[in-house]
Amino acid sequence: KAKQGGRNQWIFYSCEMSEHLMQQRDMARHLECAIAENRLRLFYQPRFDLNSSTIAGAEALIRWEPSPGEWIMPDRFIELAEENGLITAISDWVLETACREALSWQETMYVSVNISPVEFRSGNLVQRVFHALHKTGLAPARLELEITENITFENPQHALTVMQGLHELGVRLTVDDFGTGYASLGYLKAFPFNGLKIDRSWMQEFPQSVQSKRVVEGIMGLAQAFSLTVTAEGIETEEQLRQLKRMSCDEGQGYFLGRPMPSSEFAQLMSPSGEGKEPINTLAPVK
Ligand code: C2E
Ligand code: MG
Ligand code: MG
Ligand code: MG
């Protein structure tokens, strides 16, 4: 709704508004509204244990539904949220929602949540994660935090302190988008990471190009040197899956194995009568 009146013009927008009507500058305000009015959703993309061909857990991926049936992807608003300081409120909602929804899955499964590097600047990330676990009752070992390597860049000493605090809570810590950032390899040794996720850009020419194959092999060698589990992101073909299994990659994620899906759909997949324990091939490709 937009109203205009005489000299003192004023404009009023309802929280429910389609994206194309939003100006970039209005978007932050609408996003704030979206948090309050519960218009954020989590989708879940399965993460497979490639050794046993079972679902090990899922990554929570945020979507914004400004009006029913209209979806805005995170690439369109996470950066904005980081710039406007809204990321903390969003992330608190993500953490709590992911922890609560994971409670209905099988007890062996974990949920992974993306944490923005800017959240490492403030000192209270450890308390916020503790709060989400405490409030929902999810076991810390069932929560994984995905963090890009850029956190080691700005203030390494502070980032290390925060990481150690998170590690002591008992949550798993994973490097996201490995192979795209600028950090030195030393941080793999210095920081208490449990795993790394190979960025999907390295999957694009895998396994056809010799170079991409060597890069993936190289990353897996590094991971082994630092005792990290490896997840390959962006698996889109059967051939990629086969190769990664042959290379003994620990976990896999991608459209070939399962697309991000609404939480109800994922929970159904996970229900005792669901297919969570079936071999990958009966699940793939999930539309
Ligand atoms: P990410 O953490 O690297 O997540 C993986 C992205 O790749 C997701 O995009 C996922 O849908 C997509 N993807 C998965 N498999 C495939 C595949 O086989 N092929 C291709 N082409 N893409 C695939 P999405 O959901 O649009 O998320 C984009 C990024 O937004 C995420 O990258 C993450 O950095 C960020 N993000 C998502 N949710 C959150 C959140 O709750 N908090 C924060 N801070 N960032 C988030
Ligand atoms: Mg991620
Ligand atoms: Mg990633
Ligand atoms: Mg990313």
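Values reported hereafter were calculated over all heavy atoms of this structure, with side chains retained and with hydrogens, waters and symmetry mates removed. Counting starts at 1 for both ligands and their atoms, in listed order.
- In E59, the part holding a heavy atom less than 4.0 Å from any atom of ligand 1 is the side chain.
- One side chain, Y44 or E101, offers a donor N or O that lies under 3.5 Å from an acceptor on the other.
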Atom pairs and distances, side-chain donor-acceptor, residues 202-209, under 3.5 Å, sequence neighbours left out:
residue: W202; atom: NE1; partner: G179; partner atom: O; Å: 3.2
residue: S209; atom: OG; partner: S212; partner atom: N; Å: 3.0
residue: S209; atom: OG; partner: S212; partner atom: OG; Å: 3.1

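- The proximity of V94 to ligand 1, defined as any non-hydrogen pair under 4.0 Å, is limited to the side chain.
- Near D75, the atoms of ligand 1 lying under 4.0 angstrom from a non-hydrogen atom of the residue are 28 (C), 29 (C), 30 (O).
- For the pair Q253/F48, no side-chain contact is recorded, criterion being any heavy-atom separation below 4.5 Å from C-beta on.
- The S116 neighbourhood of ligand 1 comprises atoms 44 (N), with distances under 4.0 Å to a heavy atom of that residue.
- With salt bridges taken as basic N to acidic carboxylate O contacts below 4.0 Å, none links E32 and R29.
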Name each donor-acceptor pair under 3.5 Å that joins a side chain in residues 221-237 to protein atoms two or more places apart or in another chain, with its distance.
residue: T231; atom: OG1; partner: R47; partner atom: NH2; Å: 3.0
residue: T237; atom: OG1; partner: Q240; partner atom: N; Å: 3.1

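- Shown in contact with I235 at under 4.0 Å from a heavy atom are these atoms of ligand 1, numbered in order with element: 18 (O).
- Note on E146: its N/O/S atom closest to the Mg ion (ligand 2) is OE1.
- The closest approach between a heavy atom of E82 and any atom of ligand 1 is not below 4.0 Å.
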* Does the pair D176 and I147 meet the rule for a side-chain contact (heavy atoms from CB on, under 4.5 Å), with working shown? -> CA-CA 5 Å; D176 200 0; I147 303 151; over 6 Å; no
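- The nearest non-hydrogen atom to atom 6 (C) of ligand 1, considering only M73, R200, E233, comes from R200.
- Checking T161 against Q164 by side-chain atom types alone, no donor-acceptor pair falls below 3.5 Å.
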- Task: Applying side-chain contact (heavy atoms from CB on, under 4.5 Å), run through L50 and L241 and close with a yes or a no.
- Result: CA-CA 8 Å; L50 296 185; L241 179 62; 3.6 Å; yes
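- Using a 4.0 Å cut-off between a side-chain N of Lys or Arg and a carboxylate O of Asp or Glu, E59 and K197 qualify as a salt bridge.
- Sorting the N, O or S atoms of E59 by how far they are from the Mg ion (ligand 2) puts OE2 first.
- Within the structure, ligand 1 lacks E119 among the residues with a heavy atom less than 4.0 angstrom away.
- Taking backbone and side chain together, N114 holds an N, O or S atom under 2.8 Å from the Mg ion (ligand 2).
- Contact detail for A34 and W64: the closest heavy-atom pair is CB-NE1, 3.3 Å.
- Nearest N/O/S atom of D176 with respect to the Mg ion (ligand 3) is recorded as OD1.
- Side-chain contact of E119 with T88: a donor-acceptor pair under 3.5 Å is absent, judged by distance alone.
- Taking a cut-off of under 4.0 Å to the non-hydrogen atoms of E236, the atoms of ligand 1 that pass are 17 (C), 18 (O), 19 (N), 20 (C), 21 (N).
- The heavy-atom pair separating Y110 from A141 by the smallest distance is CB-O, 4.5 Å.
- Note: an N/O pair closer than 3.5 Å links I62 and ligand 1 by distance alone.
- A pairwise comparison of heavy atoms in L166 and L125 identifies CD1-CD2, 4.0 Å as the closest pair.
- Using 4.0 Å as the threshold, Q253 has no heavy atom nearer than that to any atom of ligand 1.
- Compare P74, A98, A60 by their heavy atoms: the one nearest to atom 35 (C) of ligand 1 is in P74.
- Interface atoms of ligand 1 facing Q45, defined by a heavy-atom separation under 4.0 Å, are 14 (C), 15 (N).
- Numbered from 1 in the order shown, with element, the atoms of ligand 1 that lie under 4.0 Å from a heavy atom of D176 read 1 (P), 2 (O), 3 (O).
- Seen from the Mg ion (ligand 3), atom OE2 on E233 and atom OD1 on D177 lie at an angle near 150° (rounded to 10 degrees).
- Every atom of ligand 1 with a heavy atom of P260 under 4.0 Å away is listed here by number and element: 11 (O).
- Put simply, no part of M203 is less than 4.0 Å from ligand 1, judged by heavy atoms.
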